[in-house]
Amino acid sequence: MVISCINCCFCLPDMGWLQNFLLFSALSLINSSSAAGEGCKEYGLQFERSFSVVGEAAMLNCTLVAPEVFDFWNVSYNIHWYSEETLELGQATERTLVRGTTLWFLNASLQDTGKYLCVVRTPTQCFSLTTSLIVNQTNSHCDHPYKFPLTLTNLVNDKLVCPMKDQLNEIGDFYSIQWYKAMPEGCELIENKKKYTYIRGGQDLMLAGVRPEDRGFYTCTVTFDLGGVRRSMSATIDCGVKEEYVLLPRIVEPVNEVVKAELGSSFSKVCYVFVPCVGKHSVDVYWLDKVADEYFDNNANNRVYHQTQPDQRQVDGEKGVWLNHLLTFSEVKQEDFYVNYSCEVYSYRGSVEAQFTLLPADPNLMLPVGLLLGCLALNFTAAVVFYYLFKIHIVLCFRGVFPFLYKSPDADGKLYDAYVAYPRLLPGDRANKEVEGFALHTMPQVLEGKCGYKLFIPGRDNLPGEAVVDLVEERIRASRRLLLLYSASAFSSSDVSAVSEAWQHWYERETAMHHALLEGSLRVVLLELEELHPAQLAVLPPSLRQLRKKQGVVRVRKNHTARRTTRRPGGWSLASGEEARQEGVQGLVTPPLCPSSRFWKELRYHMPVRGKRMPCSERKTLGNV
Ligand SMILES: *[C@@H]1O[C@H](CO)[C@@H](O)[C@H](O)[C@H]1NC(C)=O
Ligand SMILES: *[C@@H]1O[C@H](CO)[C@@H](O)[C@H](O)[C@H]1NC(C)=O
Ligand SMILES: *[C@@H]1O[C@H](CO)[C@@H](O)[C@H](O)[C@H]1NC(C)=O
Ligand SMILES: *[C@@H]1O[C@H](CO)[C@@H](O)[C@H](O)[C@H]1NC(C)=O
Ligand SMILES: *[C@@H]1O[C@H](CO)[C@@H](O)[C@H](O)[C@H]1NC(C)=O
Ligand SMILES: *[C@@H]1O[C@H](CO)[C@@H](O)[C@H](O)[C@H]1NC(C)=O
Ligand SMILES: *[C@@H]1O[C@H](CO)[C@@H](O)[C@H](O)[C@H]1NC(C)=O
């Protein structure tokens, strides 16, 4: 008695009833050794209470059978349950059932509410513990007065766990579970489809894509057989949905790629991470060298360091936070190449990683190649322009430098390089006198004297007695070029038609009879000693006009002479000027006698290639010869 009283001093405050109960039992059941709790070690009132509703089964567990209490594995023991009225609840009554450490109420009623004492006896010891059961009346079986709180995470797949783990363990394998959700109109059975999945035999209910509207009361109801009767038990969860959530982060960059950097340059690579979340996240990002297995720290004094940029919250579309973490190389060194740098991201939902490998940059070919192509295009254009501007000079120069490239024209069996045709002198014809002077004197001086061409000039070369017409044809056939030499006023008369007729006559006489011309084996070169006005052009024979248009003419440029004279005062001008005056050639501009002047170059360009013959001595002037 004393002991039990002392024991009572350690009881919980609301254990007054138990003291009475023990006192009562001790007094009333003196003769019974099995009196409830007598001489037993008290464990007071179990904190966890059991809840049930009318009509359902309820279970109490005697938690004294635990290693902390006694060595129940090796020591034999028995368990007795007592109601508040000290009545021992037998192994099986109509209303209760004792199974192992548990006491079952098969069909709970409001009267079952109360405290129950479990007494565990071993051969040497005794322990007792009080457990309370609360049975309430409900209108709806899915709205228990006592609810288990539980919070799901918004937007993820989350699950509800039926809070009857102990009971289910005790029931065994033969049971079924249904889940209900309390709706305004009553209990709604949740079917195992679409959004909801029953897992672990229904012990858990998985919700796909939790939304805030999933808040509410969920009840799991277990149906099983006990004591030969179908029973049920249920528990209600008060389910909340947490708006704040964090999902598994995603690394957007790097993507296990190869990145090139130039040796000696500075270089940065970002680890760009998206954390789908609402509210706070606790995601950590690290950069590490996979080869050396070293993390980079934030110390900017290091050559390679981890630089953290401010996070950016994304509010449009998928909500979350963008994390920017740079791996910065202030100077890339050889040892940095071929190393895998890994960005590792840790969150409580899991970790992800992505890496990149640094390789030396290829030399940048785009710029030099572009420049080269541009240069080539420019140089090509320049070359083309240059060629057109200086075609004659280039061709003549080429002929002079590489004479062996040209086959000698002597092989064609012709006697002359050119036949010089010009309007023959008529009495009192002043203009043609100038032309004749040019043909008979100036031209041979340069072409024959300096350039080694062989000319046939009628009026100089024809032998007396030869029939003129035959001679002309024969000589032309023996020539490689036909030089038609004329001036604008070749046929001067006040009568335009007479002039035209004279032209026509002359031109036809000089050309039309030569089949060679028609055959194309003889080239005609037009030499104009004077610029022709449009009026003068009009009287030319059409075929001559056409030829002029087609191949152009070699012409003495008036101003050219003037320029040349001023530029090279010690050159030809004096000598040729003297000569021109001696010849009585007045008013007509005479080309310079130097073979390197433009007129002669142009003419030489049209003349046959001299091949291996002596080149013109261009530098010397006639005066010096
Ligand atoms: C009863 O309680 C004991 C001790 O805490 C425990 O080991 C056992 O699993 C419980 N039994 C049930 C059915 O909950
Ligand atoms: C009790 O049983 C356990 C095994 O469950 C054993 O390891 C231990 O030695 C036993 N203790 C005693 C006192 O027999
Ligand atoms: C529980 O008891 C009530 C009345 O006492 C009865 O109507 C009901 O059928 C019983 N339920 C079970 C499962 O025995
Ligand atoms: C449940 O029953 C207990 C005891 O009968 C009572 O004290 C409590 O107020 C009831 N709870 C509800 C929510 O009805
Ligand atoms: C480095 O990365 C490449 C591709 O990103 C991978 O193939 C290789 O296995 C990685 N090496 C190491 C040591 O992780
Ligand atoms: C093109 O011309 C430029 C000068 O204008 C010269 O420097 C360059 O070498 C030329 N390129 C080639 C490919 O000839
Ligand atoms: C020749 O030059 C003079 C001025 O020096 C100029 O007036 C004249 O038009 C030029 N003639 C030709 C055909 O270019």
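On a predicted model such as this, the values are computed, not experimentally measured, just so you know. Just so you know, ligand 1 is whichever comes first in the structure, and atom 1 is the first atom listed for that ligand.
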Practice problem: State, with a plain yes or no, whether a side-chain heavy atom of Lys41 is found less than 4.5 Å away from one of Cys126. | Solution: no
Practice problem: Output yes when Lys165 and Glu170 qualify as a salt bridge under the 4.0 Å nitrogen-oxygen rule, no when they do not. | Solution: no
Quiz item: Hey, does Val339 have a side-chain heavy atom less than 4.5 Å from the side chain of Phe337?
Solution: no
Quiz item: Quick one: which ligand 1 atoms are inside 4.0 Å of a heavy atom on Asp166?
Solution: 13 (C), 14 (O)
Quiz item: Just by distance, with hydrogens left out, do Tyr77 and Gln125 show a side-chain donor and acceptor under 3.5 Å apart?
Solution: no
Exercise. Provide the number and element of each atom of ligand 1 under 4.0 Å from a heavy atom of Val65.
Key: 4 (C)
Self-check item: Sole residue of Gln46, Lys115, Arg49, Glu48 in side chain to side chain donor-acceptor pair (under 3.5 Å) with Thr131
Solution: Gln46
Exercise. Considering non-hydrogen atoms only, spot the tightest contact between Lys333 and Leu263 and give its length.
Key: C-CD1, 3.6 Å
Quiz item: Does any N or O atom in Arg230 lie less than 3.5 angstrom from one in ligand 3, N or O only?
Solution: no
Self-check item: Heavy-atom gap Thr102 to ligand 1 smaller than 4.0 Å
Solution: yes
Practice problem: Can you tell me which residues line ligand 4 if we count any heavy atom under 4.0 angstrom from one of its atoms, in chain and number order? | Solution: Thr113, Ile134, Val135, Asn136, Pro145, Tyr146
Quiz prompt | Contacts of type side chain to side chain donor-acceptor pair (under 3.5 Å), residue Lys195, not counting sequence neighbours | solution = Asp214
Quiz item: Would you say the side-chain atoms of Gln203 and Tyr175 include a donor-acceptor pair closer than 3.5 Å?
Solution: yes
Exercise. Indicate, as side chain, backbone, both or neither, the part of Thr63 found under 4.0 angstrom from ligand 1 when only non-hydrogen atoms are considered.
Key: both
